[in-house]
Amino acid sequence: MRLITAIIKPFKLEQVREALMQCGVQGMTVTEVRGMGRQNGHTELYRGAEYESNLLPKLKIEVVAEDDIAQRIVDAIAQAAHTGSIGDGKIFVTAVAQAIRIRTGEIDEIAL
């Protein structure tokens, strides 16, 4: 199993969600986060005063999937989240040792 974590621009959520549904993903976790990368933030104007905002709003999407469809999910996220401009985000793929469905006690792929 793989944990796929994607950091994307907030306005791309619906397109990414639709792409994941097309891949057969049945569940995901979405968290509002703030962060910075090469983009290094931006200048904002608040009540007439300019200030630097180093941490930009992003969304973190987490999906656990079986190994055989993980790459398809990564490709779908990358395509749906792409704008071609700085700050499109990142995708991380990590191994998952075990998954347990709390309600039923099912484990690993059955729990997904």
Does [X] use its side chain to pair, donor to acceptor, with the backbone of [Y] at less than 3.5 Å?
X     : Y     : value
Asp67 : Met1  : yes
Thr31 : Val33 : no
Lys9  : Pro57 : no

Problem - Within 6.0 Å of CD in Gln98, more than 12 heavy atoms from elsewhere - result: yes

Problem - Gln79, CD atom: more than 12 neighbouring heavy atoms under 6.0 Å - result: no

Handout entry: Distance-only polar pair, side chains of Lys60 and Thr29, donor-acceptor under 3.5 Å
Key = no

Handout entry: Between Asp75 and Gln71, a side-chain donor and acceptor under 3.5 Å
Key = yes

Handout entry: Close side-chain approach of Leu56 and Arg34, heavy atoms under 4.5 Å
Key =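 The answer is no, as the side chains (C-beta and beyond) never meet within the 4.5 Å cut-off.
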
Exercise for the section: Evaluate the side-chain proximity of Glu62 to Leu3: yes if any heavy-atom separation is below 4.5 Å, no if none is. Expected result: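 Yes. Closest side-chain heavy atoms under 4.5 Å.
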
Handout entry: Closest contact, heavy atoms only, Ala19 versus Ala76
Key = CB-O, 3.9 Å

Fill in the blank from the handout: For Arg2 and Ala95, the nearest pair of non-hydrogen atoms, with its separation, is NH1-CB, 3.2 Å

Problem - Ile4: hydrophobic cluster co-members (side-chain, 4.5 Å) - result: Ile8, Leu13, Val16, Leu20, Met21, Val25, Met28, Val30, Leu59, Ile61, Val63, Ile69, Ile73, Val74, Ile77, Ile91, Val93

Exercise for the section: Kindly give the cluster partners of Ile100, where membership spreads through any ILVMFWY side chain lying under 4.5 Å from a current member. Expected result: Ile107

Practice task
Using the test side chain to side chain donor-acceptor pair (under 3.5 Å), find all partners of Glu14 that sit at least two apart in sequence or belong to another chain.
Solution key: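 Testing Glu14 for side chain to side chain donor-acceptor pair (under 3.5 Å), a comparison that skips the adjacent residues, returns Arg17.
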
Exercise for the section: For the pair Thr83 and Lys12, evaluate side chain to side chain contact (heavy atoms under 4.5 Å, CB included) and give the outcome as yes or no after the intermediate values. Expected result: CA-CA 9 Å; Thr83 67; Lys12 289 301 234 170; 3.5 Å; yes

Problem - Separation of Glu66 CD from Asp108 CG (nearest 0.5 Å) - result: 10.0 Å

